[in-house]
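Some notes on the structure that comes next.
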Amino acid sequence: MSDPCIICVAITGSLPTKENNPAVPISIDEQVESTQEAFEAGATIAHCHVRDSEGRPTSDPERFARLKEGIERHCPGMIVQLSTGGRSGAGQARGGMLSLAPDMASLSVGSNNFPTRVYENPPDLVDWLASEMVKYRIKPEIEAFDLSHIVQATRMAQDGRIAGPLYVQFVMGVKNAMPVDEPIFDFYIETLKRLAPDAQWCAAGIGAAQLTINEWAISKGGHTRTGLEDNVRLDRNRLAPSNAALVKRAVDLCEKYERPVATWRQAREILGLRMPEDVA
């Protein structure tokens with residue numbers, strides 16, 4: 001298999017703390033440094049959340065702007081993907097950073113259960129976030145926690161609410177949502193290919209499922225996500241020393257399955273993203 005594999009690194013997220021793992025980058029400076037290490041290890045998409053001065057998740061556009069600027073300066077060519085996730089704010093505040101016009105942004109197109117709450121994505125908010133992404137020419141990464149999310153994303157692409165071709169990420173291993181089950185995983189791939197033949201797909205595993213999902217995605221021809229947002233450990237007995245260490249593990253799997261790791265230029269070409277003018 002010779003198709004390049006895009007590796008996305010989810011550097012911080014909304015939940016992990018330094019108590020969980022001291023390597024979790026919280027400040028903007030820490031996030032930029034950790035992203036640069038992951039970029040040099042092979043990641044070409046940075047999935048970004050920001051925290052406030054107390055380490056709590058926020059959708060503050062000013063903090064997103066500083067993080068985006070730092071990544072673009074220190075990781076030239078890397079794809080910046082900002083999160084519009086619901087743990088960082090409510091309502092349209094979740095998309096307040098979209099005017100920064102990042103390369104990509106996450107988009108959840110439906111609601112589902114999380115471990116202790118409902119992850120609410122009401123249709124009017126989903127449509128508004130999607131319209132902002134169209135307005136600022138941002139490619140959405142569809143975060144699919146359920147089969148219905150794949151179906152809804154394809155509908156939105158068909159009626160123009162999302163600019164195609166689709167890029168869908170299957171998120172597996174969240175308690176009360178999509179389980180880590182290979183036949184289900186295969187069915188999701190088959191369903192997406194049937195409904196949106198030109199779509200690209202990625203997969204992310206939560207916690208101990210991260211390595212399993214990385215391997216399934218890479219071996220089946222998709223792209224994959226890793227990083228301290230989703231998993232703070234290398235194994236049961238060892239904390240991950242960095243985001244770069246988790247990226248290196250995904251790179252090793254690419255070598256195992258004879259798939260080249262996508263360069264940032266290849267990743268942008270695969271996803272149909274503009275090439276930065278000021279990067280050699």
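A quick note: this is a predicted structure, and the numbers were derived from the prediction, not measured. When a residue number appears, it is its place in the shown sequence, counting from 1.
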Arg155 vs Val109, side chain to side chain contact (heavy atoms under 4.5 Å, CB included): CA-CA, chis, key distance, verdict: CA-CA 11 Å; Arg155 288 174 180 161; Val109 298; over 6 Å; no

Criterion side chain to side chain contact (heavy atoms under 4.5 Å, CB included) on Ile6 and Leu271, from CA distance to verdict: CA-CA 10 Å; Ile6 300 170; Leu271 298 176; 3.9 Å; yes

Spacing of His49 atom NE2 and Ile26 atom CD1 [to the nearest 0.5 Å]: 12.0 Å

Closest non-hydrogen atom pair, Met133 against Ala105: CE-CB, 3.8 Å

Closest non-hydrogen atom pair, Cys5 against Thr224: SG-N, 4.2 Å

Whether Tyr167 and His223 hold their rings parallel, tilted or perpendicular, with breakpoints at 30° and 60°: tilted

Shared hydrophobic cluster for Val9 and Val261 (ILVMFWY, side-chain gaps under 4.5 Å): yes

Leu228 side chain near Leu246 side chain, heavy-atom distance below 4.5 Å: yes

Shortest non-hydrogen contact between Ala130 and Leu107, atoms and distance: CB-CD2, 4.1 Å

Residue pair Ile218 / Ala250: nearest heavy atoms and the distance that separates them: CD1-O, 3.6 Å

Met97 and Val50, any side-chain heavy atoms less than 4.5 Å apart: no

Approximate separation, where rounding is to 0.5 Å, of Ser106 OG and Gln81 CD: 6.0 Å

Shared hydrophobic cluster, Phe39 / Ile45 (ILVMFWY, side-chain heavy atoms < 4.5 Å): no

Heavy-atom side-chain contact between Thr191 and Phe187 under 4.5 Å: yes

Heavy-atom side-chain contact between Thr263 and Thr44 under 4.5 Å: no

Asn176 side chain to Phe114 backbone, donor-acceptor under 3.5 Å: yes

Arg268 vs Arg265 side-chain heavy atoms within contact, under 4.5 Å: no

Between CG on residue Asn214 and OG on residue Ser219, distance to nearest 0.5 Å: 10.5 Å

Any side-chain heavy-atom pair of Ser34 and Thr12 under 4.5 Å: no

Least distance between heavy atoms, Ala46 atom then Ile71 atom: CB-CD1, 4.2 Å

Over 12 foreign heavy atoms within 6.0 Å of NZ, Lys18: yes

Arg73 bridged to Glu69 by N-O distance under 4.0 Å: yes

Shared hydrophobic cluster, Ile142 / Leu192 (ILVMFWY, side-chain heavy atoms < 4.5 Å): yes

Thr84 side chain reached by Leu98 side chain, heavy atoms, under 4.5 Å: yes

Side chain to side chain contact (heavy atoms under 4.5 Å, CB included) evaluation trace for Asn20 with Leu15: CA-CA 9 Å; Asn20 302 133; Leu15 292 178; over 6 Å; no

Candidates Arg225, Glu215, Arg233, Arg249 - the one meeting side chain to side chain contact (heavy atoms under 4.5 Å, CB included) with Gln210: Arg249

Exercise: identify the closest heavy-atom pair between Met78 and Trp264: N-CB, 4.4 Å

Derivation of the side chain to side chain donor-acceptor pair (under 3.5 Å) call for Ser27 and Asp29: CA-CA 5 Å; Ser27 71; Asp29 287 346; 5.5 Å; no

By salt bridge (Lys or Arg N to Asp or Glu O under 4.0 Å) - contacts of Glu62 (at least two apart): Arg66

Residues, nucleotides or ligands: over 12 heavy atoms within 6.0 Å of Glu182 CD: yes

From His47 atom NE2 to Cys202 atom SG, the distance as rounded to the nearest 0.5 Å: 10.5 Å

Hydrophobic cluster membership, Trp216 vs Ile184, 4.5 Å side-chain cutoff: yes

From CD (Gln92) to CG (Leu125), nearest 0.5 Å: 7.0 Å

Audit row: Ile79, Lys139, side chain to side chain contact (heavy atoms under 4.5 Å, CB included) steps and yes/no: CA-CA 11 Å; Ile79 297 164; Lys139 186 174 186 68; over 6 Å; no

NZ-CG distance between Lys175 and Asn113, expressed to the nearest 0.5 angstrom: 11.0 Å

Salt bridge (Lys or Arg N to Asp or Glu O under 4.0 Å) assessment of Lys256 paired with Asp252: CA-CA 6 Å; Lys256 175 181 176 179; Asp252 290 344; over 6 Å; no

Any donor-acceptor N/O pair, Asn112 side chain to Phe145 backbone, under 3.5 Å: no

Linked, directly or transitively: Val118 and Leu147 (ILVMFWY side chains, under 4.5 Å): no

Note, Lys220 side chain near Asp186 side chain (heavy atom, < 4.5 Å): yes

